[in-house]
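The analysis underlying the following values was restricted to heavy atoms, covering all of them including side chains, and did not include hydrogens, waters or symmetry mates. Both ligands and their constituent atoms are indexed starting at 1 by order of listing.
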Amino acid sequence: MNVSFFDDHPKPADIRAEVLRGLALPEKRIPPKFFYDEPGSRLFDAICELPEYYPTRTEIGILRQYGGEMAELLGHDVVLIELGSGSSLKIRTLLEALRPRVYIPVDISREHLLRSAESLAAAFPEIEVRAACADYSRPFHLPLSEADQPRAAFFPGSSVGNFEPADAEAFLRRVGDFLGPGGHLLIGVDLRKSEDILHSAYNDAAGVTAAFNLNLLTRINRELEGSFDPAAFHHSAFFNPHDSRIEMHLVSNAPQDVLVAGETFRFSEGESIHTECSYKYGIDDFHALARRAGFESVRVWTDDAQLFSVHGLRR
Ligand code: AVI
């Protein structure tokens, strides 16, 4: 099979240090990367199928409709780097349209990366697949040589919305550095829209998003000897128009003390742990962010209802 493996030996996140630090803040907060243990990843997959959660199917629709135009922009001989080998449906749609020379999926999880790289290599035997285990949220290395030109990166899912804007800018700058001048970035960005649609997407009727948020407490109990009672907290998600972001919180139903890794944390009634921001951008706002990071905007594709956008940026 036409697949090789490169290991950048990413340092695993220090969940103990980050959770203890976040719970000691005056406004408690835990980074959203800790949502994704096994059960959390399964719940996220279920979120992507929910009728209220429009981003996944809308982005896939855009890739299906405009894949040909994206291929024209990037060029068929391209070396395509996917940051976070997440949804196999999205990358399959793009690979079919693009037929790149080389495909480099980058992911921090070795098992997930190898599984998906092998199945894509089997489905696209003419594409050279170089799986790269790396943490793209920090400076990282890729299996690229000078000859690997032209280059393009694909970052779908509006995962950029889970970065603080300053971190998003720093991240885009790093991506630009390994793409080099003339390299392209295809990036999925969720758009700012009516608060009703946003509210339903993060407060689904079946309670899957609530279970995804609350699973963080179960994970802390298991991995950090925590004493959280998940039933003593509830999920809260709302749009913050000032910062143009959905905020997710876990709200304490009553005054309580919780033990984590031997330390006690006090919660008053209604006090929350802020667990995620999901920024929603206007097209012009995202262009401005991309420009600050050294990219020019070449194309934007959206669905008819302007729910979601895929930007074609050039370094
Ligand atoms: C992964 N990320 C883009 C999702 C989002 O919409 O911000 C995570 C998510 N959180 C709640 N639902 C989905």
So for Tyr279 against ligand 1, with non-hydrogen atoms under 4.0 Å, the contacting part is neither
Under 4.0 Å from ligand 1, counting heavy atoms only, is it the side chain of Asp190, its backbone, both or neither? neither
Does Lys28 make a cation-pi contact with Phe267, if we ask for NZ or CZ under 6.0 Å from the ring centre and within 45° of the axis? yes
Numbered atoms of ligand 1 (with element) below 4.0 Å of [X], judged on heavy atoms:
X: Phe212; answer: 10 (N)
X: Ser158; answer: 3 (C)
X: Tyr53; answer: 4 (C), 5 (C), 6 (O), 12 (N), 13 (C)
X: Ser278; answer: 5 (C), 6 (O), 7 (O)
X: Gly157; answer: 3 (C)
X: Tyr36; answer: 1 (C), 8 (C)
X: Phe44; answer: 1 (C), 4 (C), 8 (C), 13 (C)

Nearest non-hydrogen protein atom to atom 9 (C) of ligand 1, with distance, is Glu276 OE1, 3.6 Å
shortest atom 12 (N) of ligand 1-to-protein heavy-atom contact is with Tyr202 CE2, 3.6 Å
Is the shortest side-chain N to carboxylate O distance from Asp148 to Arg130 below 4.0 Å? yes
Determine, for Lys33 against Glu18, whether the closest basic-nitrogen to carboxylate-oxygen distance falls under 4.0 angstrom. yes
Asn162-ligand 1 polar pair, N/O distance under 3.5 Å: yes
Lys280 to ligand 1: N or O pair under 3.5 Å? no
Decide ring pair (Phe, Tyr, Trp, His ring centres under 6.0 Å) for His287 and His311; before the verdict, give the C-alpha distance in whole Å, the side-chain angles of both, and the deciding distance to 0.1 Å. CA-CA 9 Å; His287 283 168; His311 291 247; 5.3 Å; yes
Does a side-chain heavy-atom distance below 4.5 Å link Ile197 with Tyr54? yes
So does [Y] get a backbone contact from the side chain of [X], meaning a donor-acceptor N/O pair under 3.5 Å?
X: Glu59; Y: Gly157; value: yes
X: Ser158; Y: Asp190; value: yes
X: Arg314; Y: Ser297; value: no

Students often mix this up, so state it plainly: with edges at 30° and 60°, are the rings of Phe171 and Tyr136 parallel, tilted or perpendicular? tilted
